[in-house]
Amino acid sequence: MTRILTLLTALILASPLQAEIKIQDVVSPKGVDAWLVEEHSIPFVSLEIRFKGGTNLDAPGKRGVTNLMMGLIEEGAGDMDARAFATAQESLAASYSFSAYNDSVAISAKFLTENRDQAVELLRTAITNPRFDQDAIERVREQVLSGIKSDLTDPKEIANRAFDKAAFGDHPYGSSRKGALESVASITRDDILAAYRGAFARDRLYVGAVGDITAAELSSLLDDLFAGLPQTGAPMIEHAKYQLTGGVTVIPFDTPQSVVVFGHEGITRDDPDFFAAYILNQILGGSNFSSRLMNEVREKRGLTYGVYSYLVPMDLGELYMGQVSSANDRVAQAIDVIRDEWARAASKGVTATELEQAKTYLTGAYPLRFDGNGPIADIMVGMQSQGLPIDYIATRNDRINAVTLEEINRVAARILRPQDLRFVVVGQPKGLEPSN
Amino acid sequence: MNRILAFAFSLLAFAGAAFAEQAVTSFKLDNGMQVVVIEDHRAPVVVHMVWYKVGAADEPPGKSGIAHFLEHLLFKGTDVLAPGELSDVVAANGGTDNAFTSWDYTGYFQRVAADRLELMMRMESDRMVNLRLTEGDVKTERDVILEERAQRTDSDPGALFGEQRRAAQYLNHPYGIPIIGWRQEASKLSLQDAMSFYKTFYAPNDAILVVAGDVQPDQVKALAKKYYGVIPANPDLPERARPQEPPQLAERRMTLSDEKIAQPYVIRTYLAPERDPGDQDKAAALMMLSELLGGNPATSVLGQKLQFEQKKALYASAFYNPLSTDDTTFGLVIVPAPGVTLTEAEAALDEAVQQFIAGGVDKVQFERIKMQLRASRIYGEDNVQSQAQKYGSALATGLTVQDVRDWPERLQAVTEEDVLTAAREVFNKDRAVTGWLTNPAAQEAVSQ
């Protein structure tokens, strides 16, 4: 029976699934560029908009200003205050969300075909003419401050903040994008306006659209939305320098289970070894039940509910990170197992079987990502901002399949550096010696 | 099928353009297993789910956590699947898999390329009846669920508080026990406990199969017959009859104070009716009530009054879960603005609700909410997994496919008077638990 199952698996794998996503490059009369997938079966459009820069562009001493600014875009625009704007949005059953990330600010919008023009006009008003009313600033500021206070007693946040600070120091990556209590309290309306003008510019704009819209319709929509924005924004900042050494940091905290964040320097997205590193991580600590770390720490020893590792290739810095939570009296063992697995993969590499299984998983899972208008628009924006070609989707699985065992094991020895692993432990761990 | 289409047209009177709704087919296998097929041919992907109509509220006394523990143990193998092999095979086929446990159901699912559906069915049907466990598996996995409890509950005072409030909400119904289990009981769960629960409840006549994606109903039917249809029904399946709530006659209040709480808040839940088969109107009215009170903060009753006008709250909202086999809850929450005490916040919340009942429903807001609910059907079509979730969770809590189809229409039919009647009935503090989550410093500030 087991054999039959294996045979069936092999047969099925002979016909890999292809993602058939037809992307059009649309350039508007006024020069706004967007990628489009037409999907007319459901009468709505998902629009994903991204401006590079993000909270990295926060002015000195004003950490958190970009995050606060993005929280205010929907809090009043044109002749509408916050409530009038929300009412207008609800009347159209449109949805807009505004987010600030380290490397970008993002707008996700979806709207019905039947009232598309009005929904776009409302979004245009928000993007090009936000009010930043003082009462809205104070209201959202208090919400942000409340969140920052909660982070200060959240073990996972404490661990991440400590790791980032030690890794990147005074670079924006070294602190929370929400800012600190003092910096957020000091932000003025002028600071917010400056952050807005620095962030929303056409020289850093990427757009993905998916849904019930033609290229011609999108083309005029793009000019409606973005032609009013300035050509250039704030200058980008410098690459972050990784400053952390290997060892263990313990931050005492009254909790029954220690939370651990660990990692060392990573690899850039455009590194020729990136695909090998990506597959390697899938084998070591990827996001399913079959990874080495999950198997050794959870399945065999029951030391945790979950353990993961992940590559973090940011625009201005690279990390190779992981996380685990384990009871205070068992966390030392969990850390030992993780360090051993890191070292074993670095020195001995992975097996041919593991490589094949990871390739099958990654190539099979890839088409499953394209499972809705919103996700596809998001993927397209990600591709554009990473400088990937428009035909990337069709070639991506070939790039995964091209990685050889020799290559992945060379890359394992290169990027896995067990001696450089820093574990930041928040809790009351037993039998764990902090180092410097 | 005709019925669905006609229905779609009538709904879209506002839209001006018709669109073909996803086709939903449902049938029963001879052994009593219900099957729902949701077609979405946009991408060659399928979601395969098996829902068991058993959850934490069906556990024997003293065995809290066994439904969830068993869910974990179902990945430990059968005669033909080694521990972990099911997930490995899913991953090797480019799919993802997971499982979940609630008070009313336990579900297992895989998301995978549509041409691999048969393999999923082969493995899922196998573990419906052929689970093999060793003492070693049970011991290690018990450590895992205790770590899960530590991570999700014991390390988080807000989660511990929720657990305590729920225990106080239900005087007699097992909805008062946590899904993960009380630690002292979960830490003693045994192989025998798991197998006994498994043999009682895991059977085709207690299960629902939901297949959603790029599939044809006939093809699903043939495969379901081949893999699930051959499993005999369990003739001894117990009827689902949990201890019910007695009349709740006394208001309950509780305070949890912990230094780790940076942001205090007041939260109150009232015992409330749920969606029942053929009888969803009360729940529909409560759904509209929660949207009116607590939808978008900038337009909802509580958000406008407490956040925007009085500025007493950083956040104020209402929430309601209509999907439940037995009595559910309707909730209110207020997170006070700096300088506002929990006493003041709670009073402001109560006053806002009373004013709403006295003043009536804003017609324009009411219509906007209905418009959004209509639109959410269009947006919802974009996510086939959430469609599968919608049918699975409804059927597993005792509703029918027809109830699921009727629900949007029932929501549209709610009148302003229905909402006010529902509000007057549900807001009875004798049936409520009011909780204050706070920290020692904030408490001291109040008493000074």
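Proteins get letters first, then strands, A, B, ... in listed order; numbering begins at 1 in each. On a predicted model such as this, the values are computed, not experimentally measured, just so you know.
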*Do we see a donor-acceptor contact under 3.5 Å between the side chains of B/Q387 and B/E381?*
no
*asked:* Angle between ring planes, A/F98 versus A/Y96, binned at 30° and 60°: parallel, tilted or perpendicular?
replied: tilted
*Would B/R127 count as a cation-pi partner of B/F75, with NZ or CZ less than 6.0 Å from the six-membered ring centre and within 45° of the ring normal?*
yes
*So which part of A/F85 gets closer than 4.5 Å to some heavy atom of chain B, the side chain, the backbone, both or neither?*
neither
*Which bit of A/N295 is near chain B, if near means a heavy-atom gap under 4.5 Å: side chain, backbone, both or neither?*
neither
*Heavy-atom pair count under 4.5 Å with chain A, highest-scoring of B/E148, B/Q372, B/Q385*: B/E148
*With a 4.5 Å heavy-atom cut-off, do B/V112 and B/V45 have their side chains touching?*
no
*Take A/R83 and A/D81 through the test salt bridge (Lys or Arg N to Asp or Glu O under 4.0 Å) and record every step on the way to the result.*
CA-CA 6 Å; A/R83 287 186 277 178; A/D81 66 7; 5.0 Å; no
_Close side-chain approach of B/H48 to B/Y108, heavy-atom, < 4.5 Å_ = no
_Less than 4.5 Å to any heavy atom of chain A: does that hold for the side chain of B/D97, its backbone, both, or neither?_
both
*Can you find a pair of side-chain heavy atoms, one from A/R330 and one from B/D143, that are under 4.5 Å apart?*
yes
*So, do A/V45 and A/N373 sit near enough that their side-chain heavy atoms are less than 4.5 Å apart?*
no
*Taking B/A262, B/A337, B/A82, B/P83 one by one, which has the highest count of heavy-atom pairs under 4.5 Å against chain A?*
B/A262
*Where on B/K76 is there a heavy atom nearer than 4.5 Å to chain A: the side chain, the backbone, both, or neither?*
side chain
_Leading residue by heavy atom contact count with chain A [cutoff under 4.5 Å; candidates B/A43, B/P338, B/G84, B/G213]_ = B/P338
*Are A/S46 and A/E48 linked by a side-chain donor-acceptor pair shorter than 3.5 Å?*
no
*Side chain from CB out, backbone as N, CA, C, O: work out which of these in A/L362 comes under 4.5 Å of a heavy atom of chain B, or both, or neither.*
neither
*chain B contact via A/L145 - which portion, at a heavy-atom distance below 4.5 Å*: neither
*chain B contact via A/E75 - which portion, at a heavy-atom distance below 4.5 Å*: side chain
*Report yes or no: do B/Y227 and B/E124 form a side-chain donor-acceptor pair below 3.5 Å?*
no
*Go through the side-chain N and O atoms of B/Q263 and A/S146 and say whether any donor and acceptor fall under 3.5 Å apart.*
yes
_Proximity breakdown for B/Q307 and chain A, heavy-atom pairs closer than 4.5 Å_ = both
*chain B heavy atoms under 4.5 Å from A/E356: which part of the residue, side chain, backbone, both or neither?*
neither
*Aromatic contact, A/F111 with A/F44 (centres under 6.0 Å)*: no
*asked:* Using a 4.5 Å heavy-atom cutoff, which residues in residues 294-303 of chain B come close to chain A?
replied: B/N296, B/A298, B/T299
*Side chain, backbone, both or neither: which part of B/R149 has an atom under 4.5 Å from a heavy atom of chain A?*
neither
*Any side-chain heavy atom of B/Y379 sitting closer than 4.5 Å to one from A/L112?*
yes
_A/N328 and A/S258: side chain donor to acceptor below 3.5 Å_ = yes
*So which of B/R111, B/H72, B/K311, B/E367 has the biggest tally of heavy-atom pairs under 4.5 Å with chain A?*
B/R111
*Option that, when pairs with chain A are counted at under 4.5 Å, heavy atom only, ranks first among B/K139, B/Q365, B/E309*: B/E309
*Between chain B and each of A/H40, A/R298, A/Q357, count heavy-atom pairs under 4.5 Å; write down the option with the most.*
A/R298
*Let me know if B/E141 has heavy atoms under 4.5 Å from chain A in its side chain, its backbone, both or neither.*
side chain
_A/E138 and A/Q134: side chain donor to acceptor below 3.5 Å_ = yes
*Measure distances from B/R152 to the heavy atoms of chain A and classify the residue's part below 4.5 Å as side chain, backbone, both or neither.*
side chain
_Is B/E259 close to chain A through its backbone or its side chain, or both, or neither, when contacts mean heavy atoms under 4.5 Å?_
backbone
_Under a 4.5 Å cutoff for heavy-atom pairs, which residue among A/K149, A/K300, A/R301, A/K110 has the most contacts with chain B?_
A/K110
*Where do A/Q89 and A/T87 land on the side chain to side chain donor-acceptor pair (under 3.5 Å) test, with the steps shown first?*
CA-CA 5 Å; A/Q89 183 183 335; A/T87 302; over 6 Å; no
